[in-house]
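Reviewing the structure listed below.
Start at 1 with the first residue, then count along the sequence. The model shown is predicted, which means the values in this text are computed figures rather than measured ones.
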Amino acid sequence: MFKRFLLVLDDVWEEEERDKSKWGNVLAPLASGSFGSKILVTTRTESVALMFQKVIQDKQKPMKLEGLKEEECLELLNTHAFAEDDLDDQRKLKLKSITAEIVKKLSGSPLAAKVIGGDLNSNLDEGHWIRVLDSVLEIIKLGQNYIMPILKLSYIHLPEHLKSCFTFSSIFPQDYQFHKGTLVRQWIASGFIQPSHVQGEILEDIGGRYFDVLVKKNFFDKFEDIFGRYYYKMHDLIHELAQFVSMHECLRVEDSTNLPSPIPKTLRHLSVQDICALSEIFKLRSLRLLYIEFPKELKIIPEEIENLIHLRYLKIDGENLTMLQRSVSNLYHLQYIIHDGQEKDADFLPSDINNLSNLRYVKLPKNCISSICGIGKLKFLQKVNMFDLREASGYRIKELENMNDLCKLGINCLENVKDAEEACSAKLYAKRRLIDLSLNWSCIASRNTDLDENVLDNIQPPNCLRNLEIHRYMGARPAIWMNNVNLISNLEKINLTDCLECETLPPFGQLPFLKSLTLENMPKVKWLESKFNGNDKYHAFPLLEDLCIRRLAVLEDWFEAGVAAEDGCLFPCLIELTLVDCPKLKELHSLPPKLNSLHIYKIGWTTLNFCSNSNPIPLFIVNVICCPNITSLPLADEIARLAALRYLIITECPNLISLGRYREVETTNNCRS
């Protein structure tokens, strides 16, 4: 090995003699690490620390961590207790005197401070705070191990509906990464969400608020991954609390030898990873939620699953699963079916799967949804990623008519819609929760241009739509509703691809919230913004951040002659610009002021025009590839303002003769490649 390393083993529990031998074998290869290598072990048990001391033959005594200093612990407690409050100073002073008394009894525990703070914040009445103080004092009197009773105190103060939501999390292992949407769906299936009387509000909205409250009370901690997506985890002690208070309703079985006997009749939620336990599972008629990890040898769900008559949520993991038994169609209360896997045969789903009229969410391999005949019976479905239209009963666009809970919808094979009247029967305009829509014709071929235009005119989505994709549309003009800014004003992302006959674009530049625009293979479009839109003033795509234009062979300019750029500035918020195979496109008068990434390929530009002001240029990466007209890239002239540039690629630009007047690029700039 001969390299210096840092190994962190967090929250170790094993402490028996056989564990000492096991850890010795695991750590033996690390003995060849370079000087300065470290192994850090954290544990709640002193005997584990002493065992590791012997294993790694370290003479240093284990370090026992102390709690926070009292003033630090008080600051943490107050941060959570007074989060987002609007109390007057006198009242806040009274309440702070109570937290000062509480913190004296917490021995510096940050977890206790956070959870108690979240509990206090839920009720800013002085009486409630005094009752919490009294309860903490009583707990301390009972003995040394006070953390778990204090955590339980915060659980006791939860409303009943939030108690159920919290205890349900015990079905997952420690350190599990929770995702808000998934957990909310499981709560709904379990009957934990109380319906609201607010018009237009659905159970997912209410469940989202429940989750936010539990996060605020510090039962979940929030994290962010490298892609900017949020996930949540539970502290180990919080997870232990959930297991303790849910032992009669929730069970996770990883080994059939751990299956309790008898199984509690009150069991409602079960996670199973052992095939040997299946025969017992299908006797649990009261189950509401079942998560099964199927082994390789199992290819079909046993028919006995039909005994689980109260099942609401079914998740199946197993790549070799070949079909769902017809008996699944008898589980009339099912609201969620989830199976991640490879593409399946058309007969993977039972033919009468549309009997499950309570289904709200289905996640299946991509070709499964389109095999459902009469999908319109599943009127509570919220996502249909792609529905292939056919010239057969049960597969026509009218199936979508009453599916008004849809949030995401993809429609394929639109060439199978026979006329405008049939297109209108889908009633997309009535789907007030639809935010993501993909409209697709299945092939690029000679078709009836008028029919395509009439069909698209009559598939008008609601104004709430945020994401729109249209592929292989053969109309010569945009849909009527696309030219009305008021009808598409909430769009944030647009993708138009292979619209070969389209000559003009809708007034996308006027959309107030548009952040991403992709245009690809539209060989008859000459301008991004046209006088035909009734504009004499260009609105400059006010919030656009990402613009990608590929294969627009006759695109000449950013806007038609006679349409003026407002304030002389295009794309004020643009961060990433990608231009591919647009040989006739004129140069921008100046690069957008916030541009971070520029990628140009087969573009007819002769130079780059930087902003004329003296502000720093935020460009981080520049790719200039196969641009034979480029003669000058005045990078060196702007060297003082290009401090952010790190990556520069210039290739297949045979006429490039100048990077600017100065010859200090290599020594002055920070560019790495």
Side-chain angles (χ1 to χ4, degrees), residues 228 508-509 514-519 528-529 538-550 552 555-559 564-673:
F508 292 151
L514 186 64
K515 293 182 179 180
S516 175
L517 176 61
T518 298
L519 306 171
L528 289 190
E529 188 78 351
Y538 193 62
H539 289 263
F541 295 89
L543 288 185
L544 192 69
E545 297 177 355
D546 185 1
L547 175 60
C548 180
I549 303 176
R550 293 190 179 95
L552 269 65
L555 184 67
E556 297 176 1
D557 210 338
W558 303 94
F559 43 85
E566 195 171 74
D567 299 328
C569 179
L570 279 171
F571 312 119
C573 295
L574 196 66
I575 295 173
E576 183 164 357
L577 175 60
T578 301
L579 302 172
V580 176
D581 206 0
C582 303
K584 295 185 177 182
L585 181 62
K586 293 181 180 179
E587 293 101 336
L588 283 164
H589 296 299
S590 61
L591 290 184
K594 296 184 179 180
L595 195 65
N596 179 280
S597 300
L598 175 64
H599 309 268
I600 58 176
Y601 175 78
K602 290 188 178 181
I603 301 298
W605 294 2
T606 59
T607 187
L608 290 183
N609 295 311
F610 294 99
C611 299
S612 59
N613 59 37
S614 59
N615 294 330
I617 299 171
L619 275 173
F620 183 83
I621 179 170
V622 175
N623 287 336
V624 182
I625 301 172
C626 200
C627 296
N629 294 343
I630 287 276
T631 59
S632 171
L633 295 174
L635 299 171
D637 296 345
E638 304 291 349
I639 197 68
R641 297 165 57 209
L642 281 168
L645 188 64
R646 294 294 181 273
Y647 301 96
L648 172 63
I649 297 175
I650 305 171
T651 184
E652 297 183 69
C653 299
N655 294 310
L656 178 65
I657 58 175
S658 172
L659 292 179
R661 292 173 297 175
Y662 305 109
R663 299 184 180 181
E664 303 172 353
V665 178
E666 292 185 6
T667 57
T668 308
N669 201 9
N670 295 317
C671 195
R672 294 174 184 164
S673 66

As a quick check of understanding, evaluate side chain to side chain contact (heavy atoms under 4.5 Å, CB included) for H599 and E576, giving each step before the final call.
CA-CA 8 Å; H599 309 268; E576 183 164 357; 3.8 Å; yes
Who are the side chain to side chain contact (heavy atoms under 4.5 Å, CB included) partners of C653, not counting sequence neighbours?
V624, C627, I650, L656
Measuring from L619:CG to N596:CG, what's the distance to the nearest 0.5 Å?
7.5 Å
By side chain to side chain contact (heavy atoms under 4.5 Å, CB included), which residues pair with K602, not counting sequence neighbours?
D581, C626
Distance col, row L574:CG vs L588:CG, nearest 0.5 angstrom, shows 9.0 Å
Value rounded to 0.5 Å, distance of SG in C573 from CG in L514:
11.5 Å
Output all residues satisfying side chain to side chain contact (heavy atoms under 4.5 Å, CB included) with S658, sequence neighbours left out; order by chain, then residue number.
S632
Partners passing side chain to side chain donor-acceptor pair (under 3.5 Å) against N629 (at least two apart in sequence or in another chain):
none
Starting at CG of L595, measure out to CD1 of I575 and round the result to the nearest 0.5 Å.
9.0 Å
Quick one: do L633 and V622 satisfy side chain to side chain contact (heavy atoms under 4.5 Å, CB included)? Show the steps, please.
CA-CA 11 Å; L633 295 174; V622 175; over 6 Å; no
First locate atom CZ of F610, then atom CG of N615, and finally report the distance between them rounded to the nearest 0.5 Å.
14.5 Å
I600 side, atom CD1; I625 side, atom CD1 - distance, nearest 0.5 Å
9.0 Å
Side chain to side chain contact (heavy atoms under 4.5 Å, CB included) partners of N655, counting only residues at least two apart
T631
Check side chain to side chain donor-acceptor pair (under 3.5 Å) between T606 and all other residues, then give those that pass, not counting sequence neighbours.
E587
Over all atoms of both residues, closest heavy-atom pair of A644 and I617
CB-O, 4.1 Å
